[in-house]
Amino acid sequence: MSSTETVAIPEGRQQLLDALAALWRTIRRLHDEVPDVSITWGTSGRRGRTAGVSHLHGGTWSGELTIVDELAGEWFELFAAVLHEAVHALAAARGISVTSNNGRYHNTRFKPLADELGLTTTESEHWGWSQTQPTPKTVKVYDAELAALRVASSRYVVPEAPPAPSGRGRNNVVAVCGCTGSAARPFRIAPSKLALGPITCGVCGEQYRERPDTGG
């Protein structure tokens with residue numbers, strides 16, 4: 001690629017990034033111990049990406065949020081996921097360890113921090129207090145930010161995914177969360193990528209985990 005060649009940016013991406021940046025600024029204004037972050041976009045159209053926001057590297061807060069295409073059109077799920085990651089950011093700022101099992105299990109120290117940021121928590125048998133949802137009061141507090149996020153999300157055009165890979169891609173595993181039935185969104189991912197850090201489902205709040213590939 002020449003230095004003058006430009007890469008096409010999917011329609012609406014910058015507006016969505018701006019809305020997310022504004023959301024994080026409001027989170028920090030309301031909770032001044034939450035540190036700043038760098039918000040980036042995951043590689044679009046690649047298999048192995050799913051609806052979630054990554055924030056941990058080996059169970060440690062990375063100071064970066066990576067948004068993926070599949071979540072871009074789900075404005076409320078995106079809001080809930082980002083607020084969940086703000087809890088991890090706050091925990092890191094206070095030096096509190098809230099996860100184990102490479103960031104997958106959320107211990108009892110996570111719950112009061114989530115409450116502080118306006119999230120309800122539900123305990124999961126395998127992943128602790130990982131399931132979170134904004135309370136109705138929290139939704140009202142972020143009304144303006146949610147309005148901007150809703151508009152930006154509606155204008156985002158998800159890039160068309162390339163054909164399924166062959167060869168080495170056949171070794172990918174299937175990752176699943178706690179959703180079942182029509183809400184389930186399994187996806188294929190290389191085991192090494194899944195091991196880099198947890199991927200949070202914006203619907204059930206659980207971390208994606210490997211299951212035997214049944215071809216689905």
Side-chain angles (χ1 to χ4, degrees), residues 20-21 23-40 42 50-68 71 74 76-142 145-146 149 175-180 183 185 189 193-211:
L20 289 168
L23 170 60
W24 196 267
R25 285 194 298 271
T26 300
I27 293 173
R28 295 190 69 206
R29 176 173 56 81
L30 297 173
H31 307 278
D32 57 11
E33 291 182 76
V34 173
D36 200 3
V37 296
S38 172
I39 302 177
T40 62
T50 186
V53 181
S54 64
H55 65 281
L56 299 174
H57 290 168
T60 303
W61 171 256
S62 65
E64 179 178 286
L65 297 183
T66 302
I67 313 301
V68 293
L71 191 60
E74 306 294 336
F76 191 81
E77 292 180 24
L78 187 55
F79 166 64
V82 169
L83 202 55
H84 179 109
E85 308 317 325
V87 180
H88 289 284
L90 179 61
R94 293 181 178 175
I96 301 174
S97 176
V98 295
T99 62
S100 57
N101 191 18
N102 199 31
R104 293 177 176 85
Y105 185 86
H106 292 53
N107 61 40
T108 55
R109 291 184 291 272
F110 179 86
K111 178 176 170 55
L113 296 181
D115 292 342
E116 188 175 332
L117 265 69
L119 293 168
T120 61
T121 51
T122 304
E123 188 175 16
S124 165
E125 179 181 356
H126 299 292
W127 308 115
W129 299 94
S130 62
Q131 299 183 52
T132 60
Q133 281 295 324
T135 67
K137 180 180 178 180
T138 301
V139 172
K140 290 181 180 179
V141 168
Y142 292 94
E145 290 74 20
L146 282 170
L149 193 59
V176 295
C177 61
C179 295
T180 59
R185 292 177 293 181
I189 186 172
K193 294 292 186 181
L194 185 61
L196 288 176
I199 302 175
T200 304
C201 174
V203 177
C204 70
E206 289 196 15
Q207 308 295 335
Y208 277 88
R209 60 191 183 281
E210 178 183 345
R211 72 163 170 81

- Tell me, with the steps shown, if Tyr142 and Leu83 meet side-chain contact (heavy atoms from CB on, under 4.5 Å). CA-CA 11 Å; Tyr142 292 94; Leu83 202 55; 4.1 Å; yes

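- Using the six-membered ring where Trp is involved, His106 and Phe110 have ring planes that are perpendicular, over 60° apart on the 30 and 60° scheme.
- Using a distance-only test at 3.5 Å, with no hydrogens or angles considered, a donor-acceptor pair links the side chain of Thr120 to the main chain of Gln133.
- When all heavy atoms of Glu33 and Ala93 are compared, the closest pair comes out as O-CB, 3.3 Å.
- Residues Val37 and Ile39 form a side-chain contact, since some pair of their non-hydrogen atoms from C-beta on lies under 4.5 Å apart.
- Between the side chain of Asn107 and the main chain of Ser100, no donor-acceptor pair closer than 3.5 Å is present.
- For the atom pair Leu119 CG and His84 NE2, the distance stands at 8.0 Å (nearest 0.5 Å).
- Within the model, atoms CG of Leu149 and CG of Leu78 stand 5.0 Å from one another, a figure rounded to the nearest 0.5 Å.
- The minimum heavy-atom distance between Val34 and Ala89, with the atom names listed, is CG1-CB, 4.2 Å.
- Asp115 CG to Trp129 CH2: the interatomic distance, rounded to the nearest 0.5 Å, is 9.0 Å.
- Within the model, atoms CG of Leu90 and CG of Asp32 stand 9.5 Å from one another, a figure rounded to the nearest 0.5 Å.
- Between Glu116 and His31 the shortest heavy-atom distance is O-CE1, 3.2 Å.
- No donor-acceptor distance shorter than 3.5 angstrom exists from the side chain of Arg109 to the backbone of Val98, with no hydrogens or angles considered.
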- Could you give me the CA-CA distance, side-chain angles and deciding distance for Thr26 and Val141, then say whether side-chain contact (heavy atoms from CB on, under 4.5 Å) is met? CA-CA 10 Å; Thr26 300; Val141 168; 5.8 Å; no

- Task: Test Ile199 against Ile189 for side-chain contact (heavy atoms from CB on, under 4.5 Å), laying out the working first.
- Result: CA-CA 11 Å; Ile199 302 175; Ile189 186 172; 4.2 Å; yes

- After noting the C-alpha distance and the side-chain angles of Thr121 and Thr132, does the key distance pass the side chain to side chain donor-acceptor pair (under 3.5 Å) rule? CA-CA 5 Å; Thr121 51; Thr132 60; over 6 Å; no

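- Taking all atoms of both residues into account, the shortest heavy-atom contact from Phe79 to Pro134 is CE2-CG, 3.6 Å.
- Two rings, from Tyr105 and His126, have their centers 6.0 Å or more apart.
- Atom-to-atom distance recorded for Arg28:CZ and Leu23:CG is 13.0 Å, nearest 0.5 angstrom.
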- Item | Audit row: Trp24, Glu145, side-chain contact (heavy atoms from CB on, under 4.5 Å) steps and yes/no | CA-CA 9 Å; Trp24 196 267; Glu145 290 74 20; over 6 Å; no

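- A distance of 8.5 Å separates OG1 in Thr138 from CG in Leu117, rounded to the nearest 0.5 Å.
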